[in-house]
Amino acid sequence: MPTTTPSTIPTVTSSMTMAQALNAALGDGLREDERVLVFGEDVGPLGGVFRVTDGLTKEFGEERCFDTPLAEAGIVGLAVGLAMGGFRPVIEMQFDAFAYPAFEQIASHVAKLRNRTRGRLTLPMVIRIPYAGGIGGVEHHCDSSEAYYAHTPGLKVVTPATPDDAYWLLRDAIADPDPVVFMEPKRLYWSKGETALGDRRAAAFGRAVVRREGRDATLVAYGPSVPVALQAAEAAAQDGRDLEVVDLRTIVPFDDETVVASVRKTGRCVVIQEAQGFAGVGAEIAARVQERCFHSLAAPVLRVSGFDIPYPPPILEHSHLPDADRILDTVDRLQFDDQPDVLHLAREAS
Amino acid sequence: MPTTTPSTIPTVTSSMTMAQALNAALGDGLREDERVLVFGEDVGPLGGVFRVTDGLTKEFGEERCFDTPLAEAGIVGLAVGLAMGGFRPVIEMQFDAFAYPAFEQIASHVAKLRNRTRGRLTLPMVIRIPYAGGIGGVEHHCDSSEAYYAHTPGLKVVTPATPDDAYWLLRDAIADPDPVVFMEPKRLYWSKGETALGDRRAAAFGRAVVRREGRDATLVAYGPSVPVALQAAEAAAQDGRDLEVVDLRTIVPFDDETVVASVRKTGRCVVIQEAQGFAGVGAEIAARVQERCFHSLAAPVLRVSGFDIPYPPPILEHSHLPDADRILDTVDRLQFDDQPDVLHLAREAS
Amino acid sequence: MSVRTTRETVDGLLPSPEPVRFVAEDGTAVQPPAGYPAPDDERLVEAYRRMVLGRRFDRQATALTKQGRLAVYPSSRGQEACQIAGVLALRENDWLFPTYRDSVALVARGLDPVEVLTLLRGGWHCGYDPAATRVAPQCTPLATQTIHAVGMADALRRKGEDGVVMAFIGDGGTSEGDFHEALNYAAVLHAPVVFFVQNNKYAISVPLAKQSAAPALAYKGIGYGMRSEQVDGNDLVAVLSVLTSAVEHARTGGGPSLVEAHTYRMDAHTNADDATRYRDSGEVERWEAADPLARLETYLSGRGLLDAEEIASARKAAEEFAARVREEMNADPEADPFELFDHVFAEPTPQLREQRALLASELTATED
Amino acid sequence: MSVRTTRETVDGLLPSPEPVRFVAEDGTAVQPPAGYPAPDDERLVEAYRRMVLGRRFDRQATALTKQGRLAVYPSSRGQEACQIAGVLALRENDWLFPTYRDSVALVARGLDPVEVLTLLRGGWHCGYDPAATRVAPQCTPLATQTIHAVGMADALRRKGEDGVVMAFIGDGGTSEGDFHEALNYAAVLHAPVVFFVQNNKYAISVPLAKQSAAPALAYKGIGYGMRSEQVDGNDLVAVLSVLTSAVEHARTGGGPSLVEAHTYRMDAHTNADDATRYRDSGEVERWEAADPLARLETYLSGRGLLDAEEIASARKAAEEFAARVREEMNADPEADPFELFDHVFAEPTPQLREQRALLASELTATED
Ligand SMILES: Cc1ncc(C[n+]2csc(CCOP(=O)(O)OP(=O)(O)O)c2C)c(N)n1
Ligand SMILES: Cc1ncc(C[n+]2csc(CCOP(=O)(O)OP(=O)(O)O)c2C)c(N)n1
Ligand SMILES: [Mg+2]
Ligand SMILES: [Mg+2]
């Protein structure tokens with residue numbers, strides 16, 4: 001049985017895109033542990049439709065990084081069997097909506113096997129899912145599906161917002177003893193940032209981070225919404241409103257401490273998610289925050305999200321996606337009373 | 001093309017179980033509209049593993065109520081094609097977790113077809129799903145999966161708590177122009193109640209109902225949790241605490257008016273769901289209530305739910321399921337300040 | 001306590017040992033296997049005209065991606081024999097369940113090209129009227145449409161219509177579980193449906209050898225008790241003959257069929273794909289020799305059914321069609337943001353009305 | 001541009017035209033098809049003893065449901081030839097991926113009967129140690145285990161072990177998409193796995209005729225390029241011979257196989273099911289005549305490999321085993337509510353620690 005080889009990867013810091021950072025994490029993961037395998041649709045010679053697996057087959061060979069037949073339940077089920085057999089699969093679902101055929105394998109097996117077997121069988125595996133929109137993709141290529149996984153006990157759910165987090169969260173996910181659903185915000189694949197690669201373990205996994213300090217209100221965001229939240233905070237600063245921005249990074253487990261500390265400090269909170277709002281992760285955050293910060297809150301916790309509609313066609317996606325303006329409008333409502341605009345508008349509408 | 005025959009079903013009221021009420025609704029639905037078809041696994045001669053389709057093949061023939069090969073994506077996909085062709089399929093997923101193989105068909109097609117085609121193709125269909133636990137079922141037979149559907153735009157999600165609602169909500173669901181995920185609480189199949197069958201349309205669909213009036217706090221529940229909430233309210237009454245119980249009946253669309261009116265009156269709210277709590281429907285309810293009732297709330301909106309664990313084996317399910325005591329403990333915490341027990345206990349635990 | 005399956009039953013469900021062929025690569029006629037009638041000459045000439053137009057449309061669509069008028073376009077160059085025969089085998093009251101790859105087939109069926117391109121242009125998810133055209137929305141989630149096709153076929157049977165349903169799918173799509181469930185449902189329901197696999201040898205970058213170890217994909221039929229056939233997918237005469245008999249077999253109550261066409265995707269998966277990463281040009285050149293359009297042109301000319309004049313007129317018609325497409329696609333697509341809320345349900349929910357109102361307030365805010 | 005598939009290739013992938021058989025229903029020997037060696041006599045006698053024990057265990061388990069000691073039990077009475085041969089064909093270092101129906105097979109493999117019954121007793125989801133026994137948890141979500149089996153087979157190959165994986169599945173389960181994906185993955189990966197379909201003619205209430213229109217389920221193999229066979233599932237000698245050669249074929253690098261055993265579910269789907277609603281007693285009686293245990297007993301006795309004494313000792317061993325099971329199952333299962341939080345993750349999350357603390361407070365509250 002192959003085992004972990006003590007890895008000696010020099011630490012180098014450089015500017016790269018999130019896609020490159022993920023590619024580096026996969027390479028270092030494959031290098032660090034012979035049990036790591038990368039497979040999925042078009043991840044081999046092509047290097048993935050987003051090039052995240054670029055060059056891996058060339059460097060590590062067909063045995064370590066390979067293309068599977070076109071079947072997502074098959075990919076996940078194969079990973080379950082390989083993990084039962086002692087390997088550490090890191091698999092790719094080509095797009096968010098194309099992970100749905102694997103939903104039974106994920107919900108009934110990946111999430112449950114450790115528990116079913118009292119820990120005698122474990123599934124150290126990573127399911128990489130490029131998700132969310134903002135790239136002009138056609139239908140079924142832009143779903144925000146994180147809530148489906150976050151609601152499923154037994155899955156850890158991670159989503160980076162910077163190349164550096166992408167690298168370290170993926171390294172941590174690969175080394176994690178449990179299955180991790182690794183949600184990659186498509187539109188951030190090409191965003192650049194300073195990234196420290198190499199041989200250390202980051203503390204990112206399971207810990208939210210304050211991306212911007214502020215006094216007046218807390219914006220809680222994750223994945224694709226983090227840059228939008230920061231943009232809104234910058235704009236608000238012009239109007240003299242000082243917003244704090246928390247980047248969750250890990251949805252499951254959830255970092256209550258960081259979020260609660262921030263909201264107790266600012267006394268106001270807006271939760272931002274790109275996904276349709278109803279029963280999404282943002283609802284969980286809002287519910288938790290008011291449960292834990294009720295007496296510190298000067299206003300209700302408000303949510304900014306996509307609408308409860310199927311993801312729009314490209315020419316209309318900008319109307320759907322939360323932008324800085326939608327966030328700022330909502331921040332403005334933090335001052336209001338029990339009658340939020342929406343109800344009032346609803347009456348107008350009906 | 002077969003069409004609706006003006007139905008003349010006499011209205012009779014009698015005491016029956018929820019399973020019998022659902023069976024009656026299916027029969028009346030088949031009788032009322034020739035386009036209605038019932039199919040799934042074992043729904044034919046056997047009458048379904050819960051006997052909800054008992055006698056339908058005998059009465060309406062193999063053409064109207066039939067067994068399919070064993071494949072859930074196939075059942076849902078077949079229904080999509082039949083609905084595109086002008087029929088009104090009412091299909092059964094045998095158990096909650098066995099609808100997961102159909103998740104892609106439900107999320108990418110059932111929920112989206114009307115929107116994709118600008119309303120030129122519509123899917124009047126009902127997906128019946130026996131769900132949740134409390135019946136000593138083995139693994140994969142007790143999942144509370146309602147949040148997966150409620151979070152998916154384009155699906156209506158309904159769950160009855162009484163035989164009378166079961167009958168009328170299903171009649172309405174069958175007549176609805178849109179796809180309805182009809183979630184049937186397994187453990188209530190054998191619960192009896194006065195049920196008015198027959199030829200009228202109920203106003204239940206889309207409307208929550210106040211099951212018990214009260215002054216001190218509002219319990220919001222749905223499906224299997226409604227009887228538990230009522231039980232808790234009765235017990236609380238002994239201690240002189242007067243709780244109002246709201247039964248949602250329909251999760252999507254959501255009846256904000258009824259819930260908001262109740263909480264603004266009582267000033268306190270506990271949301272109850274059997275499902276694992278994280279990012280569930282209860283989170284949405286809590287988030288909505290505090291958004292809309294903030295200045296009426298004397299305490300945070302608290303949640304009672306199952307734990308964030310895979311559904312337990314039969315001998316342990318009672319430890320997992322929310323019961324009257326867990327609800328009453330939570331109601332007691334409505335008086336407290338910013339430091340809910342859980343955080344305090346968490347510190348003890350760690 | 002189980003019956004013996006006779007050699008006859010088995011042979012009746014297996015495909016021909018080699019792909020059915022009417023015309024060799026050099027355009028000369030070859031002897032087809034028994035039982036496959038040659039299509040009428042008029043149909044063949046009509047097919048030729050549509051192939052010329054289809055190929056020109058395909059080239060135009062690819063060009064539109066370069067001009068930023070299309071978000072993306074999956075070309076079917078090299079698969080025209082399948083695209084055209086697939087729709088010529090159908091009547092108006094038949095239904096077609098196509099994929100994203102099959103825009104040429106839709107144009108050949110007479111759908112408005114701009115409506116067909118609406119999806120790839122990003123204007124809406126489906127630009128044409130599926131009910132009026134009897135063409136389902138082009139399907140992206142692989143193989144999912146094959147089950148819908150079975151449901152529609154069963155619906156036609158129930159309504160006593162004599163329509164048949166054809167479902168298109170690629171070689172890669174046959175690996176999905178939904179394909180298996182669809183074939184089994186079709187066979188058990190004895191549904192009037194034809195599953196037409198365009199085996200173009202690639203699923204994006206994944207070659208057939210990594211997709212299946214079957215002697216041919218058509219050998220999947222017998223596992224469902226479904227008759228099956230394989231055909232040279234670059235020989236329009238053969239594809240049209242085989243599909244026509246499969247369709248008529250279904251129409252006359254014979255049940256479903258599986259037909260595999262051996263063809264080749266000449267271009268990359270889409271304009272966004274780089275095929276040099278996974279296949280060599282030599283392979284592509286070898287398939288140039290098997291070009292379906294040149295082959296049909298040579299064959300029909302050789303039989304005196306085409307002359308220079310007819311060829312010129314077919315090309316002229318194609319040029320005019322392409323010019324019209326280019327022109328109409330030059331206008332920016334129109335879109336009303338409020339339509340986002342119109343088709344989620346028959347009636348928007350109170351929640352959607354709120355959200356619509358929120359968007360309205362945002363839009364007025366940005367206006368002033 | 002596609003190769004001709006020879007009759008030989010095709011025949012090499014098709015199953016025998018009728019189920020392989022060594023012993024007729026009356027217990028007399030018949031001529032098996034070439035290429036299937038007869039198992040050694042010792043193995044057959046050992047198989048007989050395990051069949052006697054397995055059937056007794058099965059009857060005991062059904063009895064335990066009546067005494068409320070088991071929540072539910074799916075009997076495999078009538079399928080013992082498959083249950084026993086299925087595990088006798090395996091070595092200790094091979095893996096088995098069973099379903100809820102296969103408790104007798106697990107007991108025959110030597111697993112502790114009480115640990116096997118833990119799932120159906122409601123004590124935990126899996127009572128035995130899958131890693132130590134090389135038996136995956138009994139699988140309920142139909143066909144999902146077949147893909148896991150392929151992954152495990154590929155893992156064994158990667159580790160250079162010569163182990164083989166056997167996946168059990170029912171006739172109904174073959175309709176699920178996952179079964180299709182598993183067979184295709186196995187064939188493409190050339191994985192050392194055997195798919196063993198126990199076709200007991202029913203999926204709960206749904207008869208085979210509503211499940212598939214295939215001449216036999218074994219004909220699905222060729223669609224994946226996988227060798228396949230069908231066997232009389234009530235003839236232990238035949239099942240053992242066919243499965244042994246499939247397993248050794250896989251072990252020696254020959255790749256995967258699909259084996260279909262024609263058998264019959266004598267009891268209802270589970271004790272909770274009422275089979276009279278969907279099948280008549282006449283059908284069941286006809287299958288009584290094909291009883292696998294009686295058949296093997298007659299055959300072995302006829303060949304002088306069994307005498308009254310051995311039969312009596314086998315039955316005695318079975319009675320003792322059943323008595324032990326009955327006794328051990330009489331104790332109430334132990335369960336620690338806090339274990340609910342122990343195996344969700346390697347380390348409980350802060351959220352789970354909170355919830356554990358909440359439960360602790362509830363339990364102390366109820367204590368006092
Ligand atoms: C369920 C699903 N998984 C993955 C994809 C992404 N994808 C789009 S096209 C394609 C390849 C399809 O190949 P094939 O079926 O041979 O059709 P072709 O593109 O060659 O016409 C893939 C993997 C998808 N659209 N749907
Ligand atoms: C995915 C899934 N769908 C439905 C069920 C419910 N179910 C349990 S057993 C069964 C019938 C299975 O029949 P078969 O595969 O022939 O196995 P057998 O019970 O006859 O051994 C069904 C429908 C399930 N367990 N999993
Ligand atoms: Mg292809
Ligand atoms: Mg069976």
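The figures that follow rest on heavy atoms only: side chains count, while hydrogens, waters and symmetry mates do not. So that the names make sense, note that chain A is the first sequence line, chain B the second, and so on, each numbered from 1. Predicted model only: the values in this text are computed from it and were never measured.
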*Is A:Arg35 salt-bridged to A:Asp33, going by a charged N under 4.0 Å from an acidic O?*
yes
*asked:* Between D:Ser257 (side chain only) and D:Ser228 (backbone N and O only), is there a donor and an acceptor less than 3.5 Å apart?
replied: no
*Give, as side chain, backbone, both or neither, the part of A:Leu155 having an atom under 4.5 angstrom from any heavy atom of chain D.*
backbone
*Given a strict heavy-atom distance threshold of 4.5 Å, which part of D:Arg157 is in contact with chain A: side chain, backbone, both, or neither?*
side chain
*Which one of A:Met84, A:Arg118, A:Arg114, A:Arg116 has the most heavy-atom pairs closer than 4.5 Å to chain D?*
A:Arg118
_Region of A:Pro69 that comes under 4.5 Å of a non-hydrogen atom in chain D_ = both
*Looking only at atom types and distance, does a side-chain atom of D:Asn184 sit under 3.5 Å from a main-chain N or O of D:Glu181, one as donor and one as acceptor?*
no
*Residue part contacting chain A, namely of D:Asp129, when any heavy atom lies under 4.5 Å*: both
*How about D:Leu217 and D:Asp171: do any of their side-chain heavy atoms sit closer than 4.5 Å?*
yes
*asked:* Does any backbone or side-chain atom of D:Phe97 lie under 4.5 Å from a heavy atom of chain A? Answer side chain, backbone, both or neither.
replied: side chain
*Would you mind checking which part of D:Ala131 comes under 4.5 Å of any heavy atom in chain A, side chain (CB onward), backbone (N, CA, C, O), both or neither?*
both
*Quick one: what part of A:Glu63 sits under 4.5 Å from any heavy atom of chain D, side chain, backbone, both or neither?*
both
_In the structure I gave you, are the side-chain heavy atoms of A:Lys156 and A:Ile251 within less than 4.5 Å of one another anywhere?_
no
*Side chain, backbone, both or neither: which part of A:Asp178 has a heavy atom under 4.5 Å from chain D?*
side chain
*Among D:His148, D:Glu339, D:Gln145, D:Glu347, single out the residue with the greatest number of heavy-atom pairs under 4.5 Å to chain A.*
D:His148
*With only heavy atoms counted, which part of D:Leu189 is less than 4.5 Å from chain A, the side chain, the backbone, both or neither?*
side chain
*What option among D:Ala346, D:Pro137, D:Cys126 has the most heavy-atom pairs under 4.5 Å with chain A?*
D:Ala346
_Presence of salt bridge, D:Asp332 and D:Arg69, under 4.0 angstrom_ = yes
*With only heavy atoms counted, which part of D:Glu176 is less than 4.5 Å from chain A, the side chain, the backbone, both or neither?*
neither
*Residues D:Glu260 and D:Lys220 bridged, charged N to O under 4.0 Å*: no
_Which portion of D:Val188 sits near chain A, non-hydrogen atoms under 4.5 angstrom_ = side chain
*asked:* Quick check: do D:Val116 and D:Gln138 have side-chain heavy atoms less than 4.5 Å from each other?
replied: yes
*In plain terms, say whether D:Arg134 and D:Glu92 are close enough for a salt bridge, that is, a side-chain N and a carboxylate O under 4.0 Å apart.*
no
